[in-house]
Amino acid sequence: MGYPDRPGWLRYIQRTPYSDGVLYGSPTYENVGKPTVIEITAYNRRTFETARHNLIINIMSTEDFPLPYQAEFFIKNMNVEEMLASEILGDFLGAVKNVWQPERLNAINITSALDRGGRVPLPINNMKEGVYVMVGADSPFSSCLREVENPQNQLRCSQEMEPAISCDKKFRSQFHIDWCKISLVDKTRQVFAPQEVVRGEGILPDVGEYRPPSDTLKSRDYYSDFLITLAIPSAVAVVLFAILGYIMCCRREGMEKRNMQTPDIQLVHHSAIQKSTKELRDMSKNREIAWPLSTLPVFHPVTGEMVPPMHTDSFDNTNMPLMQTQQSMPHQTQIPQQPNAGKWYPEERKLTEAMDL
């Protein structure tokens, strides 16, 4: 009572809302002599009747019951709530006592395999999570338990093979033990040297209980901080915009310098393209304008004489075909044609006679 949750060493498990809940765990040396009060509240879902009960747990020191020899078993075919049942736990302790044969044997700790990093089993073939059970005794380990430490069994465990343990048949009928995960601890050989705790930089000094700040703190005005936060970026942005505008508007080279560095022939070509484009656009707007400059008299490429326009101003262009034949076009050079096989035409005979002369 007086705390928002259970102690760190105490666990609670309940598989379904209609199954029994189980409290289990092993306290540490820091909890010795401190009674733990657990407030249990229950209510009836049908009548909403509520009941409360205080469970008091008295923790005693293990020095009064020394168990220096401890062995931890991993049982694969059990869940933690099944192992906590008095009948099953008694059967397991009886099997261990037959193998170990101590004078006093007690269960020290029971932990689910999920708390040790195990995976949740698939809901098939009645698979179990597994449970770790640590037992303590007042006599040394038996020869059967020592067989796990043999080099042959250690090699088989490293190869993920089941070791050969002579006393496994005494557990196999009810408990499937993973002998590769068994651990044997002999506390009579351990010498505990007191170590002084050195406080590092990450450990806060012990200053007592936390005291929250009082309500008499002075309020702080953040208006000036807000203005500074906006003013500095705005000033930087204005300066950058001014520099960019000066570069783009006041540092232009101009058309004159561009024309001076451009060849004349390129300027002439550019001007001719612009004029032709303008004429074509004007023609598309008004069909009754004068003929374009491309139809004015030009020099004939062969004779060198001035060639008049292809059409006069009074020429009716509505009836003009899209393509004219070679005979209808004036001042056009006749191109000799290939004679057909076995046939001679007058024009081709005249052209042959002229070439012979």
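Computation of the quantities below employed the complete heavy-atom set of this structure, encompassing side-chain atoms and omitting hydrogens, waters and symmetry-equivalent molecules. Start at 1 with the first residue, then count along the sequence.
Rounding to the nearest 0.5 angstrom, the gap separating the CZ atom in Arg281 from the OG1 atom in Thr277 is 6.0 Å. Taking CG of Asp178 as the start and SG of Cys157 as the end, the distance is 7.5 Å to the nearest 0.5 Å. Taking CD from Gln266 and CG from Asp264, the interatomic distance works out to 10.0 Å, rounded to the nearest 0.5 Å. Put simply, CD1 on Ile38 and NE2 on His53 are 11.0 Å apart, with the number rounded to the nearest 0.5 Å. Rounded to the nearest 0.5 Å, atoms CG (Asp20) and CZ (Arg15) are 13.0 Å apart. Atom CD1 of Ile165 is separated from atom NZ of Lys170 by 13.0 Å, given to the nearest 0.5 angstrom.
Within 6.0 Å of atom CG in Asn44, more than 12 heavy atoms from other residues, nucleotides or ligands are found, so the atom counts as buried in its surroundings. Counting heavy atoms of neighbouring residues, nucleotides and ligands inside a 6.0 Å radius, atom CG of Asp225 exceeds 12 of them.
Of all the heavy atoms in Leu89 and Met83, the pair that sits closest is CB-O, 3.4 Å. For the residue pair Ala71 and Trp100, the shortest heavy atom distance occurs at CB-CZ3, 4.1 Å. Shown here for Thr41 and Arg52, the closest heavy-atom pair between the two residues is OG1-CG, 3.7 Å. What you find for Ala164 and Glu147 is that their closest heavy atoms are O-OE1, 3.9 Å. The two residues Met78 and Ile88 make their nearest non-hydrogen contact at CE-CG2, 4.0 Å. Summarising the geometry of Tyr12 relative to Gln14, their closest heavy-atom pair is OH-OE1, 2.9 Å, with the distance given to 0.1 Å.
Ile177 has its side chain out of reach of Ile182: every pair of non-hydrogen atoms, C-beta onward, lies at least 4.5 Å apart. The closest side-chain heavy-atom distance from Phe141 to Val148 is not below 4.5 Å. In this structure the side chain of Val80 never reaches within 4.5 angstrom of the side chain of Arg11, judged on heavy atoms. Annotation: side chain of Arg45 is in contact with side chain of Pro17 (closest heavy-atom distance under 4.5 Å). Two residues are said to be in side-chain contact when any heavy atoms from C-beta on lie closer than 4.5 Å; Phe175 and Val96 fail this criterion. Here the side chains of Leu145 and Phe73 are in contact, with some heavy-atom distance below 4.5 Å. Looking at Leu67 and Asn106, their side chains come closer than 4.5 Å, going by heavy atoms from C-beta outward.
Cluster membership for Trp9 and Ile40, using ILVMFWY side-chain heavy atoms within less than 4.5 angstrom, is shared. Ile108 and Phe92 sit in two unconnected hydrophobic clusters of ILVMFWY residues. Membership requires side-chain heavy atoms under 4.5 Å apart, directly or through other members. In the hydrophobic clustering of this structure, Leu240 does not group with Ile247; members are Ile, Leu, Val, Met, Phe, Trp, Tyr whose side-chain heavy atoms approach within less than 4.5 Å, directly or through other members. Following chains of ILVMFWY side-chain contacts shorter than 4.5 Å, one cannot reach Leu114 starting from Ile13, and the two form parts of different hydrophobic clusters. If you chain together hydrophobic residues whose side chains sit under 4.5 Å apart, Leu10 and Val22 never meet in one group.
Side-chain contact check for Gln274 and His270: at least one donor-acceptor pair (N or O, by modelled atom type) lies under 3.5 Å. For Asn153 and Trp179, the side-chain atoms include no donor-acceptor pair closer than 3.5 Å.
The ring-ring contact (aromatic ring centres under 6.0 Å, His included) search around Tyr24 returns none, not counting sequence neighbours.
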Only distances under 3.5 Å count here; give the side-chain donor-acceptor pairs of residues 131-140 to other protein atoms, sequence neighbours excluded, each with its distance to 0.1 Å.
{"unit_1": "Asp138", "atom_1": "OD1", "unit_2": "Glu103", "atom_2": "N", "d": "3.3"}
{"unit_1": "Asp138", "atom_1": "OD1", "unit_2": "Arg104", "atom_2": "N", "d": "3.2"}

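Here disulfide (SG to SG under 2.5 Å) pairs that include residues 74-152, with residues two or more places apart or in two chains, are Cys144-Cys167.
At least one donor-acceptor pair under 3.5 Å links the side chain of Asn79 to the backbone N or O of Glu129. For Asp221 (side chain) and Tyr223 (main-chain N/O), a donor-acceptor pair under 3.5 Å exists by modelled atom type.
Ion pairing of Glu162 with Lys76 is absent here, as no side-chain N (NZ or NE/NH1/NH2) approaches a carboxylate O to less than 4.0 Å.
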